[in-house]
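Heavy-atom basis, side chains included; hydrogens, waters and symmetry copies ignored. Below, read A as the first sequence line, B as the second, and so on, with proteins coming before strands; counting in each chain starts at 1.
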Amino acid sequence: MRRSKFFMPTMKENPAEAQIPSHCLMLRAGMVRQTAAGIYSWLPLGYRVLKKIEQIVREEMDATGAQEILMPTIQPAELWRESGRYDDYGKEMLRITDRHERGLLYGPTHEEIVTDIFRNSVKSYRDLPQNLYQIHWKFRDEVRPRFGVMRGREFFMKDNYSFDIDKDSARRSYNKMFVSYLRCFARMGLTPIPMQADSGAIGGDMSHEFIVLADTGESAVYCDPTWLYTDPLSLEIDFDDDLQPIVDRWTELYAATDDKYDADNCPIDESRLYTGRGIEVGHIFYFGTKYSTAMGATVSDGQGRDVAVEMGSYGIGVSRLAGAIIEASHDDNGIVWPESVAPFKVGLINLRSGDGPCDAVCENIYASLNNAGVETLYDERDERAGVKFAEMDLIGLPWQVAVGPRGVKAGTVEIGRRGAAREEVSSESALARLA
RNA sequence: CGGAGCGUGGCGCAGCCUGGUAGCGCACUUGUCUGGGGGACAAGGGGUCGUGGGUUCAAAUCCCGCCGCUCCGACCA
């Protein structure tokens, strides 16, 4: 993509409404624009990131055997009356009335819809287990949206719903999600820490929040430092195996948020205890037959009985992750994208647009990278070098390639990681490193 | 939902208290000089001052209503 053609309205100054780095940087980099309180439009740069995150989540979900579906954002109030949540949910649910005075709502979550689909279509234990997921918009009318996309009212979310014949099977489904979540966040360059969460009426140990570490995170985190050195991607995973040993290995390590942390009863010695901050980006929980009972989602168990199906649901805040990744990875000059979610891999800077030799070298590199399928943003505008460097740092592409008259005369270009010193190498070796 | 504050050009702000020609920085346009970390000079364009009413000879400015947004607290992917 040529910078001169790319719609990326960047700002030199900090917008007044942005209080935290990610919000500020997303606005300055031209990733998003606020449309209303807690409601955002995603511009090309931001949307590229959102799609990268979404795709990682999709790949990891598919790897567990879950299947992607797409449910409506607008739901009938009637289904929520069946589950009993229409009155329970409160003002966070956006209620709508159509022209026929029928009650509708913009879905804050989808247990009712998916349970309705399931009960109408599945009647036998032989069709279990099943796990369906979707990635799309939800709306929760938060009293106080803030922090940009980190706490919006409308947000992009991945949500799974598992269906099992009994509790043992439900635990296996739960464990798949648990392990899958660790992989998802790790692939985005984040350090995920699962924390036991309040599992509500059901009780038990089958509810975890996933926190990713970021200095500017909303919640304080106290944990065993082993978390920081454990890479989920190094695990050999077969989702058909019993994953309980892996889950046990992760959950036996201490981790707590500030509301659960108690200095006097903490099993980790203070000298070893890691204390930091984090952002909640995912939540998984098993809720048994809460909805299946209320809504009559039963299957034949093979012994002539109809039993309510065991369910769980599993969310990942996809749009929130865009902000969370920036919180976890930025410096004074701007964003520092992990390569897996970067909007482009390479920023190519022509330091002297209009200079024949510089143009020629840049065009050659740009064409070669495009041919190799390397996503490249080529800044070929007639701007001064400082402007281009500052903007490239702001948008945080993992690699910068700078081409200037000095180097071109000597037969070199400069290549470096975002934030690190650039080295002078030949065009060919720069290309070899990137392609 | 309790408390506080702010709406003036695309962004950041001043002007309001003490009513009288709407201003500054950035961004934008054109030109010249420049040319490796948001450059300089010059000339330009762009604003019914959130909105509706009221007071007044006269309202960005004073008064009232409404809308929007932000912050602090309680709640959440």
**Student:** As a test of understanding, state which of A/Glu380, A/Glu383, A/Glu391 forms a salt bridge (charged side-chain N to carboxylate O under 4.0 Å, His left out) with A/Arg3.
**Tutor:**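 Of the listed options, the one satisfying the test is A/Glu391.
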**Student:** Salt bridge check: are A/Arg28 and A/Glu13 linked by an N-O gap of less than 4.0 Å?
**Tutor:**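 Result for this pair is no, no salt bridge flagged.
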**Student:** For RNA chain B, what residues of residues 385-412 of chain A have any heavy atom nearer than 4.0 Å?
**Tutor:**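 Nucleic-acid contacts, sorted: A/Ala385, A/Gly386, A/Val387, A/Phe389, A/Ala390, A/Asp393, A/Leu394, A/Gly404, A/Pro405, A/Arg406, A/Gly407.
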**Student:** Rounding to an integer number of Å, can you tell me how far A/His136 NE2 sits from B/rA77 P?
**Tutor:**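 Taking atom P of B/rA77 as the reference, NE2 of A/His136 is at 17 Å.
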**Student:** Measure from CD on A/Glu383 to C1' on B/rU29 and round the result to the nearest Å.
**Tutor:**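 It is 13 Å, rounded to the nearest whole Å.
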**Student:** Which residues in residues 417-434 of chain A have a heavy atom closer than 4.0 Å to any atom of RNA chain B?
**Tutor:**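 A/Arg422 - these, ordered by number, are the residues of the stretch whose heavy atoms sit under 4.0 Å from the strand.
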**Student:** What's the closest nucleotide to the A/Ala37 side chain, out of B/rC69, B/rA77, B/rC11?
**Tutor:**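 Per side-chain heavy atoms of A/Ala37, the pick is B/rC69.
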**Student:** Rounded to the Å, how far apart are A/Phe7 CZ and B/rG10 P?
**Tutor:**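 Interatomic distance, CZ of A/Phe7 to P of B/rG10: 14 Å.
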**Student:** Taking the P atom in each of B/rG53 and B/rG45, what is the distance between them to the nearest angstrom?
**Tutor:**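 These two P atoms come out 32 Å apart once rounded.
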**Student:** Grab the N/O contacts between the protein and nucleotides 23-26 of chain B below 3.5 Å, and write none if there aren't any.
**Tutor:**
| unit_1 | atom_1 | unit_2 | atom_2 | d |
| --- | --- | --- | --- | --- |
| B/rG25 | N2 | A/Glu13 | OE1 | 2.9 |
| B/rC26 | O3' | A/Lys12 | NZ | 3.4 |

**Student:** Output all residues satisfying salt bridge (charged side-chain N to carboxylate O under 4.0 Å, His left out) with A/Arg85, sequence neighbours left out; order by chain, then residue number.
**Tutor:**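 Salt bridge (charged side-chain N to carboxylate O under 4.0 Å, His left out) check on A/Arg85 returns A/Glu111, A/Glu112.
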**Student:** Give me the distance, rounded to whole Å, that separates B/rG44 from B/rG37 when you measure between the C1' atoms they each carry.
**Tutor:**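 Roughly 29 Å separates the two C1' atoms.
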**Student:** Mind checking salt bridge (charged side-chain N to carboxylate O under 4.0 Å, His left out) for A/Glu280 and listing every partner two or more places apart, or none if nothing turns up?
**Tutor:**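 A/Glu280 satisfies salt bridge (charged side-chain N to carboxylate O under 4.0 Å, His left out) with no other residue.
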**Student:** Could you write out each protein N or O paired with an N or O of nucleotides 71-73 of chain B at a distance under 3.5 Å?
**Tutor:**
| unit_1 | atom_1 | unit_2 | atom_2 | d |
| --- | --- | --- | --- | --- |
| B/rC72 | OP2 | A/Arg144 | NH1 | 3.3 |
| B/rC72 | OP2 | A/Arg144 | NH2 | 2.0 |

**Student:** Could you give all pairs that pass the salt bridge (charged side-chain N to carboxylate O under 4.0 Å, His left out) test and reach residues 344-359 of chain A, with sequence neighbours left out?
**Tutor:**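 Every salt bridge (charged side-chain N to carboxylate O under 4.0 Å, His left out) pair that includes a residue of residues 344-359 of chain A, provided the two are not neighbours, is A/Glu339-A/Lys345.
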**Student:** How close or far is atom P of B/rC76 from atom CZ of A/Phe139, stated in whole angstroms?
**Tutor:**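 That distance rounds to 18 Å.
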**Student:** Can you name the residues that form a side-chain hydrogen bond (donor to acceptor under 3.5 Å, both in side chains) with A/Thr226, not counting sequence neighbours?
**Tutor:**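 A/Asp224.
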**Student:** Out of B/rG12, B/rA77, B/rC69, which nucleotide sits closest to the side chain of A/Gln34?
**Tutor:**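 In terms of side-chain proximity for A/Gln34, the closest of B/rG12, B/rA77, B/rC69 is B/rC69.
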**Student:** Listed by chain and number, what are the side-chain hydrogen bond (donor to acceptor under 3.5 Å, both in side chains) partners of A/Thr251, not counting sequence neighbours?
**Tutor:**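 A/Thr251 satisfies side-chain hydrogen bond (donor to acceptor under 3.5 Å, both in side chains) with no residue once adjacent residues are dropped.
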**Student:** Taking RNA chain B as the partner, which of residues 39-54 of chain A come within under 4.0 angstrom of it by heavy atom?
**Tutor:**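 Contacting residues: none.
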**Student:** Roughly how many Å is it from CG in A/Leu27 to P in B/rG10, rounded to a whole number?
**Tutor:**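 Nearest whole value for this atom pair: 16 Å.
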**Student:** Spell out yes or no: do the side chain of A/Glu414 and the base of B/rG36 have one donor N/O and one acceptor N/O closer than 3.5 Å?
**Tutor:**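 Donor-acceptor pair under 3.5 Å: yes.
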**Student:** Checking contacts here: which listed nucleotide (B/rC76, B/rG35, B/rC11) is nearest the side-chain heavy atoms of A/Met11?
**Tutor:**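 From the listed options, B/rC11 comes nearest.
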**Student:** Please assess A/Tyr133 against A/Tyr314 for the test ring pair (Phe, Tyr, Trp, His ring centres under 6.0 Å), listing each intermediate value before the final yes or no.
**Tutor:** CA-CA 9 Å; A/Tyr133 76 99; A/Tyr314 316 88; over 10 Å; no
**Student:** Using a cut-off of 4.0 Å on non-hydrogen atoms, how would the nucleic acid contact of A/Arg33 be classed: base, sugar-phosphate, or nothing?
**Tutor:**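 No contact.
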**Student:** A/Arg187: what forms a salt bridge (charged side-chain N to carboxylate O under 4.0 Å, His left out) with it, not counting sequence neighbours?
**Tutor:**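 Partners of A/Arg187 by the salt bridge (charged side-chain N to carboxylate O under 4.0 Å, His left out) criterion, ordered by chain and then number, come out as A/Glu59, A/Glu60.
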**Student:** For RNA chain B, determine which residues of residues 347-367 of chain A have any heavy atom closer than 4.0 angstrom to one of its atoms, and list them numerically.
**Tutor:**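 Residues of residues 347-367 of chain A that come under 4.0 Å of RNA chain B are, in numerical order, A/Leu351, A/Arg352.
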**Student:** Identify whether any heavy atom of A/Gly38 sits under 4.0 Å from a base atom; if not, whether one sits that close to sugar-phosphate; answer base, sugar-phosphate or nothing.
**Tutor:**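 No contact.
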**Student:** By nearest nucleotide on RNA chain B, pick out whichever of A/Phe155 and A/Asn14 is the more 5' one.
**Tutor:**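 Looking at the nearest nucleotide for each, A/Asn14 comes out on the 5' side.
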